[in-house]
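The next block holds one structure in the form of structure tokens; read it before the comments.
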Amino acid sequence: MTQLGTLEELPQDYRDALTQLNLVPLWPSMRAVLPYNVPTRKTQTLTWHYEDVRPLLLQAGDLTPMEKAERRVLVLANPGHGLENMQATPGIYLGLQLILPNETAPNHRHTPNAVRIIIEGEGAYTTVNGEPCRMERGDLILTPSGLWHEHHHKGEGPIVWLDVLDLPLIYQLEGSWAIEGQPQNHTMSKDKSFSEYSACGIVPNINFERTQQKAPMLRYPWQKTRQCLLAMAEHLSDTLIRINYVNPENGQSLFPSIGFGAIMLLPGESVTLPKRTTACVFHVVEGHGQLRVDTLESQPWQEKDTFSTPGYSDITLTNQDPLQPAFFITADEEPLHTYLGIY
């Protein structure tokens, strides 16, 4: 392996001349940006334990009214990327959002794509371009780029969900911005997961035309996903029980930047996932167990926790419950890696 020259080997007057013209020599930093075999990774293995975060999130509800917050969120920031950059992985932003009873997070739209994974509470819904999406534990609710959305809570107690956005990517592309809007009127009584997209493999054909919407289905109910995973476990053996969330009209990823999926571990099961290029985020919907990444010390996880893992790593998930399965919802940058040809 060739030892490249260092910056310090260059004369100071030469370095000053480069700086004066906004120039940087590549060779001293070549191995930092183009290392051999495995890329430089900033994403750290990290678990955000919900029982630790929840009191601070509820305190935020006491400290900051909705009119001063617009979105009352605590960002899950991975220190490997710098807390100020609000990144969980290179392209994924995570945040725990709180709405209290009778509150409304006002209508707006923005360029980043977003998904909400519901963690706690009942009686809330998100209105997306006039479509009211009920929010229940484990549901995925989409607010794609450019669509109006607002959040309402008509129930009792707090409603909390995990925001998953491609904000870091869109921000670095200098394309991140938002617009405020007026409150929406419902154009439907229920979201389309109850009717048009209520069954797997069936899509509506209204007036002999297929929809051209980039996200025709906005709500993915957890109960349907859970039933699917359980049914798969009855008929498949010696394989990882895993599904992908896709656009029902074309089978593609929900977003071109972030892919979403779900994993089920059988009681007592331990699985090492296939090593992949992309970092990954796991949200625990049900269960408790241990996470091990490469040779690092195992970390515990339990229901409602969220953890991040770097790419190019061996990830081992262990369900420590001998009687009940464990379930995760996952988010990663697989669609973007695939498009770029690096997956």
Side-chain angles (χ1 to χ4, degrees), residues 45 47 50 89 92 115-119 136-142 162 164 193 197-202 217 219-248 251-255 258-294 298-335 337-338 343:
T45 301
T47 301
Y50 187 68
T89 74
I92 296 177
V115 155
R116 327 293 174 181
I117 302 174
I118 314 309
I119 296 177
E136 297 179 342
R137 175 77 178 113
D139 290 355
L140 255 70
I141 296 176
L142 278 59
L162 179 68
V164 186
S193 69
Y197 300 98
S198 61
C200 179
I202 297 175
M217 181 174 172
R219 176 175 177 258
Y220 290 73
W222 170 248
Q223 287 306 314
K224 289 185 178 181
T225 304
R226 190 180 192 277
Q227 291 168 8
C228 175
L229 292 166
L230 289 170
M232 289 173 62
E234 292 181 0
H235 295 278
L236 299 174
S237 60
D238 300 324
T239 187
L240 177 64
I241 307 301
R242 187 172 195 169
I243 59 94
N244 288 333
Y245 290 95
V246 298
N247 182 320
Q252 296 179 1
S253 170
L254 301 184
F255 300 143
I258 306 177
F260 294 86
I263 295 174
M264 172 183 165
L265 295 183
L266 299 172
E269 183 178 21
S270 184
V271 172
T272 298
L273 304 179
K275 187 177 292 187
R276 305 184 311 152
T277 60
T278 174
C280 191
V281 169
F282 298 79
H283 175 70
V284 186
V285 184
E286 299 178 37
H288 64 92
Q290 293 283 327
L291 162 71
R292 184 179 179 89
V293 177
D294 291 333
S298 295
Q299 297 184 13
W301 50 262
Q302 63 181 5
E303 182 175 311
K304 302 179 181 179
D305 287 352
T306 302
F307 53 88
S308 62
T309 59
Y312 296 82
S313 302
D314 288 316
I315 301 169
T316 301
L317 301 172
T318 301
N319 178 9
Q320 293 185 310
D321 193 318
L323 301 176
Q324 300 296 327
F327 297 92
F328 307 87
I329 293 175
T330 65
D332 59 33
E333 292 131 341
E334 178 183 343
H337 279 222
T338 300
Y343 181 66

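If you're wondering where the values come from, they're calculated on a predicted model, not measured in any experiment.
Remark: L240 CG to M264 CE distance equals 11.0 Å, nearest 0.5 Å. Of the inter-residue distances, the one linking E269 atom CD with I241 atom CD1 reads 7.5 Å to the nearest 0.5 angstrom. Here the NZ-OH distance, from K304 to Y50, works out to 5.5 Å after rounding to the nearest 0.5 Å. Expressed to the nearest 0.5 Å, how far CD1 of I118 lies from CD1 of I141 amounts to 4.5 Å. Within the model, atoms CG of D305 and NE2 of H283 stand 8.5 Å from one another, a figure rounded to the nearest 0.5 Å. Between atom CD of residue Q299 and atom CZ of residue R292 there is a gap of 11.0 Å, rounded to the nearest 0.5 Å.
Heavy atoms only, all atoms of each residue included: A331 and I258 are closest at CB-CG2, 4.1 Å. In plain terms, the two heavy atoms of A326 and N319 that are nearest each other are N-ND2, 3.4 Å. The two residues D139 and P221 have their closest heavy-atom pair at OD1-CA, 3.3 Å. In terms of heavy-atom proximity, S253 sits nearest to G259 at OG-CA, 3.8 Å. The two residues P248 and M217 make their nearest non-hydrogen contact at CG-CB, 3.9 Å. Residues S193 and K224 approach most closely at O-NZ, 3.0 Å, considering heavy atoms.
By the 4.5 Å heavy-atom criterion applied to side chains, H288 and P300 are not counted as neighbours. Residues L266 and P325 have side chains not in contact (no heavy-atom distance under 4.5 Å, counting atoms from C-beta outward). A 4.5 Å side-chain heavy-atom check between I119 and R137 finds at least one atom pair inside the cut-off. At least one side-chain heavy atom of L291 sits under 4.5 Å from a side-chain heavy atom of L317. Side chains of W222 and F327 form a contact here, defined as non-hydrogen atoms less than 4.5 Å apart. At least one side-chain heavy atom of I329 sits under 4.5 Å from a side-chain heavy atom of L140.
A side-chain contact (heavy atoms from CB on, under 4.5 Å) with C280 holds for exactly one of L273, T89, D332, I92; it is D332. With E286 as the fixed residue, the side-chain hydrogen bond (donor to acceptor under 3.5 Å, both in side chains) test singles out one of Q324, Q302, R226: R226.
With hydrogens and angles ignored, the 3.5 Å screen pairs no side-chain donor or acceptor of S313 with any backbone N or O of V293. No donor-acceptor distance shorter than 3.5 angstrom exists from the side chain of T318 to the backbone of Q320, with no hydrogens or angles considered. Looking only at distances, no side-chain donor or acceptor of Y220 sits under 3.5 Å from a matching main-chain atom of L142. No donor-acceptor pair closer than 3.5 Å links the side chain of N247 to the backbone N or O of L254.
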Working note: T225 + Y245, criterion side chain to side chain contact (heavy atoms under 4.5 Å, CB included); need CA distance, chi angles, decisive distance, verdict.
CA-CA 9 Å; T225 304; Y245 290 95; 3.3 Å; yes

For side chain to side chain contact (heavy atoms under 4.5 Å, CB included), just list the numbers for F328 and L265, CA-CA rounded to whole Å, side-chain angles, deciding distance to a tenth of an Å, and then say yes or no.
CA-CA 9 Å; F328 307 87; L265 295 183; 3.8 Å; yes

Stepwise, does the side chain to side chain contact (heavy atoms under 4.5 Å, CB included) test hold for Y312 with T277?
CA-CA 5 Å; Y312 296 82; T277 60; 3.5 Å; yes

Could you go step by step and tell me if L162 and T306 meet the side chain to side chain contact (heavy atoms under 4.5 Å, CB included) rule?
CA-CA 9 Å; L162 179 68; T306 302; 3.9 Å; yes

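A salt bridge links R219 with E136: the distance from a Lys NZ or Arg NE/NH1/NH2 to an Asp or Glu carboxylate oxygen falls below 4.0 Å.
In this model, no donor atom of one side chain and acceptor atom of the other lie less than 3.5 Å apart for T309 and T45.
Side-chain rings of F282 and W301 stay apart, their centers remaining 6.0 Å or farther from each other.
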